[in-house]
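Written below as structure tokens is the structure these notes are about.
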Number of protein chains: 2
Amino acid sequence: MDTALDRAVRVFCERGYHATSIGDLTAAMRLATGSVYKAFRDKQAVFLAAFDRYAAVRREQTRSAAARGSNGRERLRHVLLSYVEHSQGIEGRRGCMVVGGTVELAALDSDVRARVNAQIETNEAFIAGLIREGQADGSISAHLDVDDTARLMICITQGMRVVGKARLPLDGERLVGVAMKLLA
Amino acid sequence: MDTALDRAVRVFCERGYHATSIGDLTAAMRLATGSVYKAFRDKQAVFLAAFDRYAAVRREQTRSAAARGSNGRERLRHVLLSYVEHSQGIEGRRGCMVVGGTVELAALDSDVRARVNAQIETNEAFIAGLIREGQADGSISAHLDVDDTARLMICITQGMRVVGKARLPLDGERLVGVAMKLLA
DNA sequence: GATAATAGGGAATGATCGTTTCCTAATAAA
DNA sequence: TTTATTAGGAAACGATCATTCCCTATTATC
């Protein structure tokens with residue numbers, strides 16, 4: 001079932017919610033219509049389950065990227081680099097379910113809105129934590145405002161997903177190099 | 001007709017393309033079904049016309065925000081402030097047609113993709129121009145890479161529209177204050 | 001003032017959507 | 001072996017969608 005959900009994630013990422021029909025879903029998930037409705041109450045429930053799975057995978061990927069750094073600053077740098085990588089190429093143009101869900105459904109579906117908000121706030125708190133770690137280990141200036149910087153970083157990461165979906169090229173090293181100025 | 005198009009912009013911003021029915025459109029535009037199809041070939045044509053109008057208005061708003069500054073740095077600061085303002089409150093949760101069009105349609109419709117790309121690139125070029133002005137008048141460091149900085153600024157502005165649609169609060173002065181570090 | 005032309009409105013249409021229902025096959029229990 | 005239970009598949013349903021067609025005013029022309 002998780003593998004079927006992974007396939008649903010890909011379709012929802014690429015086509016969004018409304019442009020994805022049950023037919024698209026059954027084709028991607030290799031399940032018949034009845035089977036989908038046996039496993040999920042309706043289309044929204046498939047979307048929510050796919051979103052939860054997507055969010056969990058992305059959280060894990062972000063945390064493992066952070067683990068590649070040896071201090072707070074480096075951990076944050078790897079997180080940003082990871083975001084650029086995921087915003088590019090085939091995955092970049094496929095798109096992000098968080099920004100997709102936000103843009104397409106935040107105004108129409110309070111369940112989706114609650115989940116995207118939770119995911120954004122979790123990411124923001126994680127970034128804020130990395131900044132504090134950097135301040136504690138001396139790799140990041142102690143004077144900067146943690147919350148404001150974290151929120152701007154969230155804007156940057158979400159924006160990269162938009163720009164990546166528009167297929168504009170993003171140079172990871174250069175872009176992140178500029179973004180690291182925010183830690184001064 | 002421009003006033004009807006303005007009303008179409010509001011609906012498309014809020015609900016996106018696929019969740020907006022012709023019924024939604026006719027109700028908002030105060031036009032009957034036949035009248036809409038007399039003026040536009042199909043729903044996509046309405047969207048493209050609304051997008052063009054939205055993009056033109058936003059370009060003008062951004063340029064008038066820039067005009068409030070007395071040097072390159074200040075002009076850029078006012079542009080960013082303007083973006084935060086538009087990303088907040090009722091307009092913020094209504095959403096941006098550029099990020100909406102990108103996220104919902106860039107993968108599905110090459111006409112829309114061409115237009116969102118053009119709009120993003122125009123904005124990026126405008127920001128790059130402001131940075132160069134600032135470098136020329138001494139208000140922005142001469143050492144920074146203009147293109148990389150402009151692209152990151154675009155990520156920030158697009159990201160703010162996503163975060164604003166998710167209804168997370170954005171403090172303009174604080175956020176822009178942090179972002180201005182990128183000009184060091 | 002009569003007529004042609006056009007803009008706008010609303011009902012009808014075919015297609016597609018999400019959803020339900022029913023059927024089949026496979027597995028577990030007795 | 002037989003029966004009960006369940007997972008999976010496909011056809012059928014009503015609703016809604018984008019689109020077309022036709023009618024009615026209104027304006028402009030002669």
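Computed from coordinates, the A:R41 CZ to C:dG18 P distance equals 15 Å when rounded to whole Å. If you take CG of B:D24 and C1' of D:dT16, they are 12 Å apart, rounded to a whole angstrom. Here the C1' atom of nucleotide C:dG10 and the CZ atom of B:R30 are 19 Å apart, to the nearest Å.
In terms of modelled atom types and a separation under 3.5 Å, the side chain of B:K165 and the main chain of B:E14 share a donor-acceptor contact. For A:R174 (side chain) and B:D147 (main-chain N/O), no donor-acceptor pair under 3.5 Å exists by modelled atom type. Proximity of a side-chain donor or acceptor of A:E104 to a complementary backbone N or O of A:Y17 within less than 3.5 Å is detected.
By the 4.5 Å heavy-atom criterion applied to side chains, A:L108 and A:H18 are counted as neighbours.
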Which pairs, protein N/O on one side and nucleotides 11-14 of chain D N/O on the other, fall under 3.5 Å?
none

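Neither OP1 nor OP2 of D:dT20 sits under 4.0 Å from any side-chain N or O of B:Y37.
Here B:E91 does not pair with B:R94 in a salt bridge; the nearest charged N to carboxylate O distance is not below 4.0 Å. Salt bridge absent: A:E60 and A:R63 never bring a charged side-chain N and a carboxylate O closer than 4.0 Å.
For C:dG18, the base has no donor-acceptor partner in the side chain of A:K43 [N/O atoms by modelled type, under 3.5 angstrom].
Contact detail for A:V11 and A:A28: the closest heavy-atom pair is CG2-CB, 3.1 Å.
Within 6.0 Å of CZ on A:R10 lie no more than 12 heavy atoms contributed by other residues, nucleotides or ligands.
When each of B:Q44 and B:K38 is assigned the nucleotide of DNA chain D bearing its nearest heavy atom, the one mapping closer to the 5' terminus is B:Q44.
Proximity of residues 13-22 of chain B to DNA chain D (heavy atom under 4.0 angstrom from any strand atom) is restricted to B:T20, B:S21, B:I22.
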